[in-house]
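Structure first, then comments.
Counting convention: from 1, in listed order, for ligands and their atoms alike. Just so you know, residue 1 is the first one in the sequence shown, and it goes up from there.
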Amino acid sequence: MIIEQSADNSGRIINYLRLSITDRCNLRCVYCMPEEGIDFLPHSEILTYEEILHLVRLSVQAGIRKVRLTGGEPLVRKGFIPFLESLCRIEALKEITLTTNGVLLKELAAKIKACGICRINISLDSLKAERFFQITGRDCFDRVWEGIQEAGRLEFNPIKINVVVMKGTNDDEIIDFARLTLEKPYHVRFIEFMPVGTDNGWSPQKFVSTKEIHEQIGNLGVLNPVSSNSLDGPAQRYILEGAKGQIVLIGALSNHCCKICHRLRMCAEGHLRGCLFSDQEIDIKTPLRGNKGDAHLLNLIHQAIKNKPREHGIERYGPRKCVRQMSSIGG
Ligand code: SAM
């Protein structure tokens, strides 16, 4: 039976699943993986595509209507396109989107579009090739930029560009990124740097709030607010006067967005996680592989939804140490 919606213990309707399909990545972003790297999961510990599809169908029964594929880097996983085709056949999903670093996008964009995906998020933290290399550890700026152009040619709409803003690293490019929206229909999403994982280089000195970003962009022109829809989550959207694209501010830390957070996450190894910043997880892979049956699995999904932490509390208690790195949760 498909139910319309499920609420957690705080009354929030949880309808959005962020699904990490791999912990592997072809970049080494300083804020995502620790400097010394991480031990990747053995392949046998990662959910197979069949297992993922099974769990998504059950999640739909628990009220999930939107899925975002993430990673690691989702495009590096073998067999991604056939998997995406199967996912897109799950009718009750109203929206399927994808977050990618864009390195493999030029080659795969047409196939992704042919599956029926029209919306895409591409991460890009610098418009300067050398700085891109410093942040990501790979000399791939041109490939990512070509991937963005290709997505434009194929009329993905919107093309969202995710920028993690870090003081002293790329905050001097806020205006350049904002200017992009004057010429291109991109949604440039400025994301506050988050303290996730054991050591991702976060410090209060590296943090730039969405308030500061708003102020800086205000020097470029008037920012007119755009109304949000129910699947937008914590994003605050604006249009610079005369612009073709949008400016989006994601105040993950400063903006108390927990009250309207409607997300559930599933890591590549099959753990359900209610909050990015909390290591409270439910292992759904073991019972799935132990043939415990769909009723049991569905019950676990409902439990993960019910017990979603009410808030991350970082603004009051300071950054938490969570064991998982962002690369293994999926952002
Ligand atoms: N590899 C894909 C990519 O680069 O978009 C998907 C995974 S990545 C973990 C998803 C998003 O999380 C990216 O936009 C990335 O910039 C963002 N992210 C990773 N670590 C972050 C952090 N510490 N603070 C804010 N955003 C972060």
Which residue and non-hydrogen atom of the protein lie closest to [atom], and at what distance in Å?
atom	result
atom 27 (C) of ligand 1	M326 CE, 3.5 Å
atom 10 (C) of ligand 1	G330 O, 3.7 Å
atom 3 (C) of ligand 1	S123 OG, 3.3 Å

Among C29, G72, P74, G71, closest by any non-hydrogen atom to atom 1 (N) of ligand 1: G72
Nearest neighbour of atom 18 (N) of ligand 1 from the list W202, Y31, F193, on a heavy-atom basis: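 Comparing heavy atoms across W202, Y31, F193, the nearest one to atom 18 (N) of ligand 1 lies in Y31.
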When you compare ligand 1 with [X], is there at least one nitrogen or oxygen pair between them that comes in under 3.5 angstrom?
X	answer
N200	yes
N162	yes
M194	yes

Go through ligand 1 atom by atom and flag the ones less than 4.0 Å from a non-hydrogen atom of [X].
X	result
V164	16 (O), 25 (C), 26 (N), 27 (C)
C32	9 (C), 19 (C)
T70	6 (C), 7 (C)

Salt bridge present between R289 and E51 (N-O < 4.0 angstrom): yes
Charged N-O contact under 4.0 Å between R273 and E281: yes
Ligand 1-proximal atoms of T99, by part, heavy-atom distance under 4.0 Å: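 Near ligand 1, T99 shows its backbone as well as its side chain.
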Minimal non-hydrogen separation, A110 against L154, with atom names: N-CD1, 3.4 Å
Nearest heavy-atom neighbours spanning C115 and E85: SG-CG, 3.6 Å
Passing option when Y31 is tested against D125, T169, N200 for side-chain hydrogen bond (donor to acceptor under 3.5 Å, both in side chains):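 Among D125, T169, N200, the one meeting side-chain hydrogen bond (donor to acceptor under 3.5 Å, both in side chains) with Y31 is D125.
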Other residues, nucleotides, ligands: >12 heavy atoms within 6.0 Å of K206 NZ: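 It does: K206 NZ has more than 12 such atoms within range.
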Side-chain heavy atoms of C118 within contact of K113, under 4.5 Å: yes
H214 ring center near Y238 ring center (under 6.0 Å):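 Under 6.0 Å, so yes.
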Ligand 1 contacted by T100 (non-hydrogen, < 4.0 Å): yes
